[in-house]
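This report refers to the structure that appears directly beneath it.
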Amino acid sequence: MADYNFKQVEQKWQKIWEENGTFRAVDGSDKEKFYALVEFPYPSGAGMHVGHIKAYSGLEVVSRKRRLQGYNVLFPIGFDAYGLPTENYAIKTGIHPRKVTDMNIEKFTSQLKRVGFSFDWDRVIDTTDENYYKWTQWIFLKMFEHGLAFRDKTLVNYCPSCKVVLSNEDSQGGKCDICHSDVVQKSKDVWYLRITEYADKLLEGLEEVDYLPNVKQQQINWIGKSRGAFVNFKINEVPEELKIYTTRPDTLFGVTFMVMAPEHPLIDTYKEKIANFAAVEEYRKECAKKTEFERTQLVKDKTGVKLEGFTAKNPVNGKDIPIYISDYVMMGYGTGAIMAVPAHDGRDYDFAKKFGIDIIEVIEGGNIAEEAYTGDGKMVNSDFLNGFDNKKDSIAAMIEHLKKEGIGEEGVQYKMKDWAFNRQRYWGEPIPIVHCPHCGLVPVPYDELPLKLPDVENFEPGQDGESPLAKIDSFVNCKCPKCGGAAKRETDTMPQWAGSSWYFLRYIDPHNDKALADMDKLKYWGPVDWYNGGMEHVTRHMIYSRFWHRFLYDIGAVPFKEPYLKRTAQGLILGPDGVKMSKSRGNVIDPNEVVDVYGADVLRTYVLFMGDYEQAAPWSESSMKGCKRFIDRLWKLQDITVEGDNYSDDLMSAMHKTIKKVSEDIEAMKFNTAIAAVMALLNQIYDKGAITRAELRDLILIVNPFAPHITEEIWEKQNFGGMLNEAAWPSYDEAKCVDATIEIPVQVNGKIRERIHVAPDAEQPEVLERVHALEKIAAECAGKTIVKEIYVKGRIVNIVVK
RNA sequence: GCGGGUAUGGCGGAAUUGGCAGACGCGCCAGAUUUAGGAUCUGGUAUCUCCGAUGUGCAGGUUCAAGUCCUGUUACCCGCACCA
């Protein structure tokens, strides 16, 4: 047999698959469906990364296996093409983002095809295609109609370098997610999506899906639901109440001061009554100047200013307490003001120590002279709560009291905030809203969608962060759809997360021009059975898309509640130096080069063999050569193939065991051990020196999902009949997975002294009888008393002697 | 600080969930083939004081039996972070 020519073979089969539409998903089939989804790529100019290959190879293998098992598989791909890098490239080069995007999509497509992924290429979507974003705009208008899209003037995160307003999610740690420069606070009119209204639904939905535990936990933390109480504190000097939120209302008797966020509006309302207003203003200025970095890094050093001339009354004991402002209280959470219980909160404790404020213990168990005690314990110094010994009961009792006295109520808070939903950028979906001087915000009529993104010459954002669209008079000036008067269009565009929030629905019916997808098709294909992607998308992208989807369900546009039944995440591929791949480090591996030198089958096999799929692992070229050897050895099996319609006796259990192992491991995403099992089988076959046609046929089938090109070629060369992808996944017989005899280690006091061969179903008396007949074991036991004898069937013998 | 995770040969990693630690691959050593290199094939490869003992970050514990379970502890990684 001539050496394996991967270049020729891979091209040959890729062409055949393409011409035959081999991997097309069939609408309206009687077969059971399987919808596998991978996160569609952003088509960047750099082209694909080996990380993409690993991300897609997991469900690629599952999909190919499921097809052989008779499923109707939908395994689609598309492009999430709106975004800043393309726009910035356009600004730099003057090439239109449309052109850049088309070029990049073409590049990605050819790269993906070279790897032989079994995507359904008839269903490719592009979020920047007007037939796609028409429906993105449609969903936005539906949200507007239902009061979920609204406009508000607030402080926003603004990146002075990108000249763009960012969501909290895009500016974590006070750094711009795109350019990593410092984000500043700015007052602006912005669009929001009321995702907070869906917080509970998003939490409840998690109970019915199968996500990795840490994915679920991250989403729960992100939503950040907490239960507690709102309590009103009277301010003594003015007719005003200061409302606070607390998770521990039962510690009210330990409150010795209050703290307001520096931005709290009450401060301005009563500024002429604040005796030290100049000092307050000074402090507020300092806070506004602080970067997020300083705020978080100097956590322990508490700062603040007392509001002179104001005191509050503790509503449970009537004590007068001072009010401070401090930047450790945030305006964006709760009510922007807190009751401080220094004895039982670390931050309040630090503040009280620094400002010399009383610390009153109300929960026993700690040493409040040393530090705040945040554990549970018996209530003290707390009037009617004294004697309660767990927080559940004491909180319930206090809430009861607050309600009865009319000073507070039960409450819930979320860390999640409403989603800032606009960018002052060109390369995004136009927001289909008209600003009419008479009618206010008026939606573009549905029959006028898509509201097309106009052509512009200059993609630079305007000064002060205005969208480039604002400069195009023909776009901006329009008639109000409601009153017909002169009006202006919204010029902001949607954020990059918009298009990806519903793309999995469009794959189901990508060419539909009547609806985002046909209801019958949605019923057949939905929901996504298995979604794999990166860990970095489990909060933002996944929560956003679960929100959109749940909204669409609530208005009857989709027939299922949760979009993704199962979610897994692949680990990163690190550079050969063990560090995350990056252009600046120069440790990036180009998949094209790997395909050139080793072939697509080797690349596919290696990214799955290199380690635990869900764990990060460094790239190693020499390790990949091992996979190259594996592929070549697979080819050479043809040299030792002999006639035979059955498995041979000496490979019987090995064949069945391997089929079982590979079948199970693929479903469990343990691709590395599946490949290892096949390698071990290959070693055994070469030791024996022969393989029957029946064995080769099934071996080729189970390797096919990993290495589809070479296996199709062998299939054809060996005349196994038809195309491999029309054959059935081999089955295994549980009874034949066991060998005729198995080796059992024999331990004396837990140390292995001998080994014997027994039938797998041999019973304990028989085995022990044979064990005692062994010379070495008899010697070990001589003169000692046998305390215990254990035989674990098929595993081990242990004799305990004294 | 909170939440989640990881720790096993020279390296990437296995271990049926309490039952032979180191599967499989890389690397390395030796041999075969080759003018040579590469490729390929065969054998070996945890450590040590090597007929026996030791060994899964560290210290204890449970058990006939622990990488796996329990208690404590250290280091590193990821996510969130002054969230009241």
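Each chain gets a letter, A, B and so on, in the order the sequences are listed, and its residues count up from 1. Computation of the quantities below employed the complete heavy-atom set of this structure, encompassing side-chain atoms and omitting hydrogens, waters and symmetry-equivalent molecules.
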On a whole-Å scale, what distance lies between the [atom1] atoms belonging to [N] and [M]?
N: rG67(B); M: rC78(B); atom1: C1'; value: 23 Å
N: rG44(B); M: rG37(B); atom1: P; value: 24 Å
N: rA39(B); M: rG52(B); atom1: C1'; value: 43 Å
N: rU33(B); M: rA66(B); atom1: P; value: 49 Å
N: rG3(B); M: rU54(B); atom1: C1'; value: 39 Å
N: rA65(B); M: rG18(B); atom1: C1'; value: 8 Å
N: rU74(B); M: rC58(B); atom1: C1'; value: 7 Å
N: rU71(B); M: rA84(B); atom1: P; value: 27 Å

Please figure out whether E743(A) or T335(A) has its closest RNA chain B nucleotide nearer the 5' end. E743(A)
Would you mind telling me which residue lines up with the more 5' stretch of RNA chain B, G332(A) or R795(A), judged by nearest nucleotide? R795(A)
Side-chain N or O of [X] versus OP1/OP2 of [N]: is the shortest distance under 4.0 Å?
X: N672(A); N: rG12(B); answer: no
X: K670(A); N: rA15(B); answer: yes
X: Y333(A); N: rA84(B); answer: yes

So what's [N] paired with, Watson-Crick or G-U wobble, going by both distances under 3.5 Å?
N: rG18(B); answer: none
N: rC2(B); answer: rG79(B)
N: rU63(B); answer: none
N: rG10(B); answer: rC26(B)
N: rU47(B); answer: rA53(B)
N: rA84(B); answer: none
N: rU40(B); answer: rA32(B)

Decide whether [X] and [Y] meet the rule of one side-chain donor and one side-chain acceptor closer than 3.5 Å.
X: Y414(A); Y: D200(A); answer: yes
X: Y606(A); Y: S620(A); answer: no
X: Y283(A); Y: T303(A); answer: yes

Hey, does [X] reach any base, or is it just sugar-phosphate, or nothing, if we go heavy atoms under 4.0 Å?
X: N749(A); result: nothing
X: Q413(A); result: nothing
X: I752(A); result: sugar-phosphate
X: D345(A); result: nothing
X: A616(A); result: sugar-phosphate
X: D612(A); result: sugar-phosphate

Measuring from the side chain of [X] (C-beta onward, heavy atoms only), which nucleotide among [options] has the closest atom?
X: I338(A); options: rG5(B), rG3(B), rA84(B); result: rA84(B)
X: K636(A); options: rU40(B), rA65(B), rC82(B); result: rU40(B)
X: A617(A); options: rG12(B), rA84(B), rG5(B); result: rG12(B)
X: K302(A); options: rG19(B), rC82(B), rA14(B); result: rC82(B)
X: V800(A); options: rC20(B), rC64(B), rA84(B); result: rC64(B)

Counting distance only, does the side-chain N/O of W635(A) pair as donor-acceptor with the main-chain N or O of A2(A) below 3.5 Å? yes
Can we say [X] and [Y] salt-bridge, meaning some charged N sits less than 4.0 Å from an Asp/Glu carboxylate O?
X: D739(A); Y: K657(A); result: yes
X: K776(A); Y: E754(A); result: no
X: E664(A); Y: K670(A); result: no
X: E39(A); Y: R567(A); result: yes

To the nearest angstrom, how far is [X] atom [atom1] from [N] atom [atom2]?
X: K54(A); N: rG12(B); atom1: NZ; atom2: P; value: 14 Å
X: H344(A); N: rC82(B); atom1: NE2; atom2: P; value: 23 Å
X: K415(A); N: rC82(B); atom1: NZ; atom2: C1'; value: 11 Å
X: K661(A); N: rA15(B); atom1: NZ; atom2: C1'; value: 9 Å
X: L608(A); N: rG13(B); atom1: CG; atom2: C1'; value: 15 Å
X: M260(A); N: rA84(B); atom1: CE; atom2: P; value: 20 Å
X: D632(A); N: rC41(B); atom1: CG; atom2: C1'; value: 14 Å
X: K793(A); N: rG18(B); atom1: NZ; atom2: P; value: 20 Å

Quick one, D601(A) with L634(A), criterion side-chain contact (heavy atoms from CB on, under 4.5 Å). Give me CA distance, side-chain angles, the key distance, then yes/no. CA-CA 12 Å; D601(A) 284 338; L634(A) 205 61; over 6 Å; no
Its glycosidic angle compared against 90° from 0, rG52(B) adopts the form anti
I want to verify the glycosidic state of rC29(B); is it syn or anti under the 90° rule? anti
Below 3.5 Å is the cut-off: list the nitrogen or oxygen pairs between protein and nucleotides 24-27 of chain B, distance only.
residue : atom : partner : partner atom : Å
rG25(B) : OP1  : N683(A) : ND2          : 3.3
rC26(B) : OP1  : R629(A) : NH1          : 2.3
rC26(B) : O2'  : S622(A) : OG           : 2.9

Looking at side-chain heavy atoms only, is the closest gap between [X] and [Y] below 4.5 Å?
X: I399(A); Y: P249(A); result: yes
X: Y211(A); Y: L206(A); result: yes
X: N672(A); Y: L608(A); result: no

Quick test: give all pairs of protein nitrogen or oxygen and nucleotides 46-56 of chain B nitrogen or oxygen below 3.5 Å, distance rounded to 0.1 Å.
residue : atom : partner : partner atom : Å
rA53(B) : OP2  : R753(A) : NH1          : 3.3

When you measure from the centre of the six-membered ring of F351(A), is the NZ or CZ of K302(A) closer than 6.0 Å and no more than 45° off the axis? no
Which heavy-atom pair separates I685(A) from L651(A) by the least distance, and what is that distance? CG1-CD1, 3.9 Å
